[in-house]
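Because the structure is predicted, anything quoted here is derived from the model rather than measured. One-based numbering, in listed order, for ligands and for the atoms of each. We're numbering straight along the sequence, starting at 1.
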Amino acid sequence: MADKITITITRRKITEILIGLVALLFASGAVAAILKYLWPQSGAQGESSEIRIASVDEVPTGEAKKFMFNGKAAVLLHMPAGFRAFGAICTHLGCVAYWKPDENIVFCPCHLGKFDPNTGAVISGPPPSPLPVIDIVVKEGAVYALKWKDPDYVRSISFYAGAA
Ligand code: FES
């Protein structure tokens with residue numbers, strides 16, 4: 001016959017175990033936050049996060065398509081030299097700029113800011129700096145947004161907070 005074994009767990013011991021588990025949960029959350037800080041999620045530092053913008057046929061030469069990139073308005077342009085993509089939030093006061101084919105510019109209606117559709121550079125008006133460039137790739141008949149060309153530049157524009 002087997003001997004009967006009795007294990008006694010006191011209320012105090014159960015309380016200590018529960019406190020230990022709670023402490024472990026808090027500690028794991030803190031460790032996760034530290035790891036997230038040290039190694040941010042994909043896209044947070046401008047890494048590739050491929051987003052399909054449009055099929056090539058959808059945006060013929062001379063036309064454009066609006067899309068969202070990292071939570072911000074953006075514009076895809078099909079120029080004679082190829083596709084271009086930019087953040088469409090104006091660097092002046094944050095209005096949304098758009099393609100104006102009759103003038104061959106990206107235009108901000110708020111204070112008449114004008115941007116070069118090939119480079120995003122300011123042509124005229126009050127915007128202090130260019131529209132940020134989005135790296136794109138054309139493959140399998142479609143255009144994909146990859147990442148901000150210059151994430152540090154995007155982070156320097158207040159209207160793009162959280163986008164890079
Ligand atoms: S907000 Fe675009 S020109 Fe002022």
Side-chain angles (χ1 to χ4, degrees), residues 25-164:
L25 286 174
F26 276 108
S28 63
V31 169
I34 291 168
L35 290 175
K36 187 174 180 181
Y37 175 77
L38 293 174
W39 292 284
Q41 297 293 312
S42 176
Q45 293 291 322
E47 294 105 356
S48 179
S49 54
E50 210 169 87
I51 296 170
R52 187 180 188 281
I53 306 172
S55 70
V56 169
D57 298 340
E58 198 180 331
V59 187
T61 303
E63 294 193 13
K65 182 182 179 182
K66 298 173 191 168
F67 67 103
M68 295 296 288
F69 186 69
N70 288 3
K72 300 296 177 186
V75 62
L76 173 71
L77 305 166
H78 194 169
M79 305 309 295
F83 286 98
R84 308 281 189 266
F86 305 99
I89 307 294
C90 180
T91 56
H92 178 222
L93 292 177
C95 292
V96 177
Y98 60 87
W99 172 230
K100 198 166 185 201
D102 55 323
E103 293 186 43
N104 196 38
I105 56 169
V106 177
F107 180 66
C108 179
C110 289
H111 311 98
L112 312 182
K114 297 179 180 180
F115 299 91
D116 186 309
N118 283 294
T119 65
V122 178
I123 296 173
S124 66
S129 56
L131 295 174
V133 176
I134 298 169
D135 284 340
I136 56 173
V137 64
V138 179
K139 65 178 184 181
E140 298 161 3
V143 185
Y144 295 83
L146 299 178
K147 62 180 180 62
W148 296 111
K149 186 178 188 72
D150 186 347
D152 288 336
Y153 173 59
V154 173
R155 279 189 282 273
S156 76
I157 308 169
S158 61
F159 307 112
Y160 286 82

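- The minimum heavy-atom distance between Ser129 and Phe115, with the atom names listed, is O-CE2, 3.7 Å.
- Using a 4.0 Å heavy-atom cutoff, Gly125 is absent from the residues neighbouring ligand 1.
- His111 has its closest N, O or S atom to atom 4 (Fe) of ligand 1 at the position named ND1.
- From Tyr144, atom OH reaches atom NZ of Lys139 across 6.0 Å, with rounding to the nearest 0.5 Å.
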task: Check step by step if disulfide (SG to SG under 2.5 Å) holds for Cys108 and Cys90.
output: CA-CA 7 Å; Cys108 179; Cys90 180; 3.7 Å; no
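- At a cut-off of 2.8 Å, Cys90 is counted among the residues with an N, O or S atom near atom 2 (Fe) of ligand 1.
- Counting only distance, with no hydrogens or angles, the side chain of His92 and the backbone of Pro126 share no donor-acceptor pair below 3.5 Å.
- In this structure, the side chain of Tyr153 engages the main chain of Pro130 through a donor-acceptor pair within 3.5 Å.
- In Pro126, the part holding a heavy atom less than 4.0 Å from any atom of ligand 1 is the side chain.
- In terms of protein heavy-atom proximity, atom 1 (S) of ligand 1 is nearest to Leu93 N, 3.3 Å.
- Every atom of ligand 1 with a heavy atom of Cys95 under 4.0 Å away is listed here by number and element: 1 (S).
- Taking CH2 of Trp99 as the reference point, atom CZ of Arg84 lies at 11.0 Å (rounded to 0.5 Å).
- Distance check for His92 against atom 2 (Fe) of ligand 1: none of its N/O/S atoms falls below 2.8 Å.
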